[in-house]
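Structure first, commentary second.
Note that these values count all heavy atoms, side chains included, but never hydrogens, waters or copies made by symmetry. So that the names make sense, note that chain A is the first sequence line, chain B the second, and so on, each numbered from 1.
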Amino acid sequence: MLEIKNLHARIGEKEILKGINLTVPDGEIHAIMGPNGAGKSTLSYVLSGRDGYEVTEGEVIYDGQDILALAPEDRAAAGLFLAFQYPVELPGVGNANFMRTAVNAVRRKRGEAELDAVAFLKLARAAVKNLSMKEDFLKRNVNVGFSGGEKKRNEMLQMALLQPGLAILDETDSGLDIDALKIVAEGVNALRSEKFSALVITHYQRLLDYIVPDMVHVLSGGRIVRSGPASLALELEAHGYAGLEAA
Amino acid sequence: MSASMQAIADQKYKYGFTTDIEMEEFPLGLSEDIVRRISAKKSEPAWMLEWRLKAYRLWLTMEEPDWANVKHPPINYQELYYYAAPAKEQPKSLDDVDPELLRTYEKLGIPLNERAALAGVAVDAVFDSVSVATTFRDTLSKSGVIFCPISEAVREHPELVKKYLGSVVPVRDNYFAALNSAVFSDGSFVFIPKGVRCPMELSTYFRINARNTGQFERTLIIADDGASVSYLEGCTAPMRDENQLHAAVVELVAMDDAKIKYSTVQNWYPGDADGKGGIYNFVTKRGACRGKNSKISWTQVETGSAITWKYPSCVLQGDGSVGEFYSVAVTNHHQQADTGTKMIHLGKNTTSTIISKGISAGKSDNTYRGLVKILASASGARNFTQCDSLLIGNECGAHTVPYIESRNSSAKLEHEATTSKIDEDQLFYCRSRGLSEEDAVGMIVNGFCKDVLKELPMEFAVEAQKLLAVSLEGSVG
Amino acid sequence: MTALPSKKLEAWRYTDLAPLSEISFGAVPVAVAPVLPESDLPRLVFLNGVFSEVLSSRLDFAGAFDAVADASAQPLARINAEQARDGVTLTIPDGIDAGTVLLISHASGDAPFAFHLRHRVALGQGASLTIVDIAKGDGVYWHNPVTDITLAAGAKLNHYRLQDESREAFSLATIRAHIEAGAAYEHFTATIGARLSRTEIHASLAGEQATAHLNAAQMLTGEQHGDFTTVIAHKAPNCPSRQTVKSVLSGLSRGVFQGRIEVDRIAQKTDGYQMSQALLLSPHAEMDIKPELRIYADDVKCSHGATIGALDEDQVFYLRSRGIPEAEARSILVRAFLDDALAPVQQEEAKALFEAAIENWWVSQ
């Protein structure tokens, strides 16, 4: 279970998150929607531990542990996974080698046995097939020369292999066509279980046609200004975000 | 390449006429006495003479630099005239200017006459060694802008001249700068006071007329806090068989939030198709971004001169200051150009951009030489450099010599350079649409230079485009 | 003795040999047997600059050193010619693939000494050879080797160097390669050791379709100074040349790369490419790059690129967010950064040697 309590964060002198309260129970998928500049990406970076964001107040508890003190890699080992809005290119780093290193680092920290090259490749090939990707995906350098859709699929591949307990999808749908959108949705839906929860951050409602959330929260001006069932997303799509700040 | 093209021999230099006008010249050669006479002629105060004499004595101890990729017979500094001026008294207004001179500037397309100056450009015209007329002075002085010959500034604004002259290009900076400091006879002075946006483009037109004369002009531009100015410089000279020396110094100072844009179209006489005659253009240009968030932008289109030796530079001292260098250098026939820039990053978060386009044709040599230096203090500094060279014909040379030095790990530098020939497919495409080969080359070259030409003020951009085409006449064939 | 080049020379503007000139070098001490790399490959071993018959394999194509004169423009090569006492001459006849040979130099002594090995490598038409050149040592010494290479038409030489000299040593290597039509010179230097080092390569592409690949990885720390200087002269049409130089600098180290591509008037259709990149891992490291093009033919494609910067923190974060610890993330990125330079090294043992050297360097940081 993820519990965000009165979370304040700033970049430099500028306060972006102004007291966020949010609980995502295990097994649930929550969507966070909101206008540009609401603090959506800041929230995902604060949760995953990126430098440059200063938490001034509040706490984030995941599975009973305050994760704000953890290094990004330790949060990954604890089960957090951030699907980036703009996945980073790593020239010279092979995709398969990258994923094996990551999977084994996480397994080590979780006290599990590391996978050898053969076992890993078997796992990776299966995951690649599941996501309707070409096998040469594994041989290419991480995200280098990938199209927008391929980068997002690669994020889903990594998620499938790392088996997180909580996935944060930071506008993973931006720039995707419908087919790619379905792939992302299938990636998330395939992990759905009592042990898996997700925060789906999006500007548009359309991704939520494929990943139906248990709850929708509206983030505006650094606070959650409204929460409701999946139908809230449709309402926002119809009427826009105007006037929400006051609500 | 086609034979018809080979037939076109000489490029036409339309500014090659001479002006017959009575001149006053000092005796040949350089000595302390000549320096004293120049200073006396300008009615300079004692401190200015002292400054010149110090420079002269220093120059005697220095050696001509030999590192540039240019070749020329030794220059005999005792066979040059260091002062030549129209013999008449200094004009008090445009009506006093020798009509023959006015006709010369008319031929050059310089709207010296205020009534004709619809373009609204304030012009300071320097003829051989002296400034002959500065237009629009009244309009400018109303906004507090000082734009006058530097010889006048020495007399009228000594506190400003004393403070800034030699503060960016020290006397000892290099051989030619020391020489200039000793013998400069005129040039332009600009001071833009705090918060003033100069109401019009300022322009200086330089003309070398007299035979065997060196032109040593000195330009000093200061933009105080929050001020901004755009300054244009044009240069021409008559066709003469012997080489003439031009050794200018330009100093720019930008204080907090100030902006200076300095544009040059350099079209000194390049010599004939066999490499006879032409100007030796040995120029030191440097700007100091002293204040925070200040900006100095150099744009140059270099088509003239037998030899060009010129590196307009920026010293980025103020935090957040910006330096830019946009350059097109065209060489044809036997011309030699060794030009580029230096960007010295001292302040935090300073940025510099260098875009250089070199075009070599004929038997010419064209070298880009540049330095980007990030000092340890320049945290967060950024540089981007793009240097492209185009070769037209198989007898020319194109060279790129960048020096890239970084002493700060938070700085980021990117440098790219390419050399290629003019694209046959592009040429063919243009010609198949009915363009002559020369027009096609002109069009492609203009396209190649677009990133630089777009930085020029409008009226200069048109002139520069024409100049590129003229300079490359006879280059394809 | 020919004077050491001064900083006033343009070719030496970034590398100052003053610290070398301050040391007086004495007699070459008697060598102690070093630990040599375990390998089944044939080897030629020099101890303190003297050929060791005991430690070396017997090779038909390896001949003895013989004295040379040198009137070249390179002061260090002239000094070498004046001082050289030993070296090896490798002559591979036409059409022979001579496989791989290890060329090992090991130096150690209690007092400063100097040695000037002079090697010659001549490959006949269509011949091929791989040289893995390893230099190691302890203590203060000056190693000033010259390697002169001639490749006849269609010959192929892979020349892989691991410069892992004593951190107190001076290592100044000059390599000159004359490459005939269709021949290929493939070079990689890993610079890890020496207090002050320079690798200076002059490659001359003398026949059509001759190729030169000059790659390097410089990994420096402390107060090390490493200089990789190349001149590729395109003297014939249709020759491609490639250079990829990567520098990783930490501590107070200083890296230098000077690379010049010269294209003669006759060398139409030249395709020259050069990339130089530096990573500054510490705030006080310094990199100086001078890529240079000198071109006299018009139908050419020549380009160079250069970048200097720190590790990309977005990349570091991306790796960490996938569970990879920070130190490992940085190690992966540094190794990836070096990859382009190392990629052409295909010979298995050489590749393993360099991988291990890079790994060791990183671990020692």
Side-chain angles (χ1 to χ4, degrees), chain A residues 44-53 67 70-95 97-110 112 114 141-144 151 154-155 157-159 161-164 167-168 170, chain C residues 188 190 215-219 242 244-248 273 275-279 281 305-346 351-352 354-355 358-359 362-363:
Chain A
S44 66
Y45 283 136
V46 167
L47 292 179
S48 51
R50 186 180 164 125
D51 278 349
Y53 299 84
I67 59 165
L70 299 181
E73 56 268 32
D74 294 328
R75 300 186 200 199
L80 250 68
F81 180 88
L82 170 67
F84 283 60
Q85 185 177 1
Y86 303 107
V88 177
E89 297 187 6
L90 303 175
V93 179
N95 220 2
N97 186 32
F98 166 62
M99 281 315 305
R100 188 160 86 94
T101 310
V103 166
N104 281 335
V106 167
R107 290 178 73 97
R108 258 197 320 271
K109 285 204 178 123
R110 290 176 185 165
E112 296 163 6
E114 294 187 30
N141 286 341
V142 179
N143 295 329
V144 179
K151 284 182 179 170
N154 204 23
E155 296 290 283
L157 172 66
Q158 291 171 19
M159 187 171 79
L161 290 169
L162 287 167
Q163 294 281 323
I168 302 158
D170 183 8
Chain C
F188 173 74
N215 285 7
Q218 304 196 89
M219 287 154 283
R242 293 282 177 276
T244 304
V245 177
K246 305 272 186 162
S247 303
V248 180
Y273 175 76
M275 175 54 85
S276 158
Q277 294 180 297
L279 265 186
L281 296 181
T307 64
I308 306 176
L311 264 187
D312 183 343
E313 290 302 320
D314 286 342
Q315 293 182 339
V316 175
F317 174 68
Y318 189 68
L319 288 154
R320 292 177 74 191
S321 77
R322 296 296 174 261
I324 298 170
E326 182 170 358
E328 198 175 349
R330 290 182 188 276
S331 157
I332 287 172
L333 291 172
V334 168
R335 178 60 192 82
F337 171 79
L338 295 172
D339 201 58
D340 291 342
L342 189 62
V345 179
Q346 291 299 331
K351 202 172 167 179
F354 291 121
E355 292 286 3
I358 293 170
E359 179 73 24
W362 180 257
V363 169

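Most heavy-atom pairs under 4.5 Å with chain C: of the set A:Arg108, A:Glu155, A:Met159, this distinction falls to A:Glu155. Here A:Leu90 is the residue among A:Val106, A:Leu162, A:Leu90, A:Asp51 with the most heavy-atom pairs under 4.5 Å with chain C. Among A:Gly94, A:Ala102, A:Pro164, the residue with the largest count of heavy-atom pairs under 4.5 Å with chain C is A:Ala102. The candidate with the highest count of non-hydrogen atom pairs below 4.5 Å against chain C, out of A:Pro72, A:Ala105, A:Gly49, is A:Pro72. For the set A:Pro87, A:Ser48, A:Ala78, A:Ala77, the entry with the most heavy-atom pairs within less than 4.5 Å of chain C is A:Ser48.
In terms of the side chain to side chain donor-acceptor pair (under 3.5 Å) criterion, residue partners of A:Asp170 (sequence neighbours excluded) are, by chain and number, A:Ser41, A:Ser44.
Heavy atoms only, all atoms of each residue included: C:Ser321 and A:Ala76 are closest at O-CB, 3.4 Å. In this structure, C:Ala336 and A:Val93 approach most closely via the heavy-atom pair CB-CG2, 3.2 Å.
Taking the six-membered ring for Trp and the full ring otherwise, the centers of A:Tyr86 and C:Tyr318 sit at least 6.0 Å from each other.
Neither the backbone nor the side chain of C:Asp340 comes within contact range of chain A; no heavy atoms are under 4.5 Å apart. Heavy-atom distances place the side chain of C:Glu328, and not its backbone, under 4.5 Å from chain A.
Although no hydrogens or angles enter the test, the distance criterion places a donor-acceptor pair under 3.5 Å between the side chain of C:Gln315 and the main chain of A:Glu89. Distance alone, capped at 3.5 Å, is enough to place a donor-acceptor pair between the C:Arg322 side chain and the A:Leu82 backbone.
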_Run A:Glu73 and C:Arg330 through salt bridge (Lys or Arg N to Asp or Glu O under 4.0 Å) and show every step you take._
CA-CA 13 Å; A:Glu73 56 268 32; C:Arg330 290 182 188 276; over 6 Å; no
*Show your working on salt bridge (Lys or Arg N to Asp or Glu O under 4.0 Å) between C:Asp314 and A:Arg50 and close with a plain yes or no.*
CA-CA 9 Å; C:Asp314 286 342; A:Arg50 186 180 164 125; 2.9 Å; yes
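Contact check for C:Leu319 versus A:Phe98: side-chain heavy atoms found under the 4.5 Å cut-off.
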